[in-house]
Chemist: 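My structure is below; once you've seen it, I'll send some questions.
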Amino acid sequence: MKKLKITALLVVLAFSPFYANVLTADTPSIVKMVADAIKWKSESIDVGNIPQGKPKLIRFEFTNTSSKPIIIQNVAPSCGCTTADYTKTPIQPGKKGFVEASYNAAAAGPFMKTVNVTTSESKTPKTLSFKGVVVAS
């Protein structure tokens, strides 16, 4: 048991300098780099009251703030009551793109829905949300 503890300690000490040099304080964070690549006009939209039985179109706009084109790879609404559309062509640096969600306002009452967007800049989806109240007509 004593040999196992000593071996584990030596392994930790042997690799400590390696890991200390890999992630320096000057390394920009991945999250910051991705956040800097796309600037959303709004990530959450309150549509207020909408009439029952009429689909509501919600548009999320963004600007490519990176130095290379960005491609929207996937847009996934949170439920079957929402469909999505988006910019299909590469969004060049400095240019704008969009993600649209069309919500089927069939049931009266409050709602909150999300749309997950995956781009060429990040495999982690960005979650956009919208909410409101469907008012019976």
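Side-chain atoms are counted along with the backbone in the values below, which use heavy atoms only and exclude waters and symmetry mates. Numbering of residues begins at 1 and proceeds along the displayed sequence. Bear in mind that the values here come from a model prediction, so they are computed numbers and not experimental data.
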Chemist: Give, for atom OG of Ser42 and atom CZ of Phe130, the distance between the pair rounded to the nearest 0.5 Å.
Modeler: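 CZ of Phe130 is found 12.5 Å from OG of Ser42.
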Chemist: Is Lys56 close to Ser102 at the side-chain level, that is, under 4.5 Å between some pair of heavy atoms?
Modeler: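 In short, these two side chains do not touch, never coming nearer than 4.5 Å.
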Chemist: Could you tell me which non-hydrogen atom of Tyr103 sits nearest to which non-hydrogen atom of Lys113, and how far apart they are?
Modeler: CE1-CE, 3.7 Å
Chemist: Counting distance only, does the side-chain N/O of Thr87 pair as donor-acceptor with the main-chain N or O of Gly97 below 3.5 Å?
Modeler: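 Judged by distance alone, no pair lies under 3.5 Å.
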Chemist: Establish, yes or no, whether the cationic atom of Lys88 lies under 6.0 Å from the six-membered ring centre of Tyr86 and within 45° of the ring axis.
Modeler: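 Cation-pi check for Lys88 and Tyr86: passes.
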Chemist: So which atom in Ala108 and which in Gln52 form the shortest heavy-atom distance, rounded to 0.1 Å?
Modeler: N-NE2, 3.7 Å
Chemist: Using the test side-chain contact (heavy atoms from CB on, under 4.5 Å), find all partners of Ser129 that sit at least two apart in sequence or belong to another chain.
Modeler: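 Ser129: side-chain contact (heavy atoms from CB on, under 4.5 Å) contacts with Ser44, Met112, Thr114.
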Chemist: Indicate whether any N or O donor in one side chain lies under 3.5 Å from an N or O acceptor in the other, for Thr63 and Lys96.
Modeler: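 Present: a donor and an acceptor within the cut-off.
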Chemist: With heavy-atom distances below 4.5 Å as the criterion, would you say the side chains of Trp40 and Lys126 are in contact?
Modeler: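 Yes - at least one pair of side-chain heavy atoms lies under 4.5 Å apart.
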Chemist: Kindly indicate, with the supporting measurements, whether the criterion side chain to side chain contact (heavy atoms under 4.5 Å, CB included) is fulfilled by Phe111 and Ile50.
Modeler: CA-CA 11 Å; Phe111 65 90; Ile50 61 173; 3.8 Å; yes
Chemist: For the backbone of Ile91 and the side chain of Asn64, can you confirm whether one donor and one acceptor N or O come within less than 3.5 Å of each other?
Modeler: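 Yes; judged by distance alone, with no hydrogens or angles, the pair exists.
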Chemist: At their closest point, which heavy atom of Phe98 faces which heavy atom of Phe62, and how far apart are they?
Modeler: N-CE2, 3.5 Å
Chemist: Between Thr119 and Ile71, is there a side-chain heavy-atom distance shorter than 4.5 Å?
Modeler: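 Contact flag for Ile71/Thr119 side chains = no.
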Chemist: Answer yes or no: is there a side-chain heavy-atom contact under 4.5 Å between Val47 and Ile58?
Modeler: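 SC-SC contact between Val47 and Ile58 confirmed.
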Chemist: Using every non-hydrogen atom in the two residues, find where Pro69 and Pro90 come nearest and quote the distance to one decimal.
Modeler: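 The answer is CB-CB, 4.1 Å.
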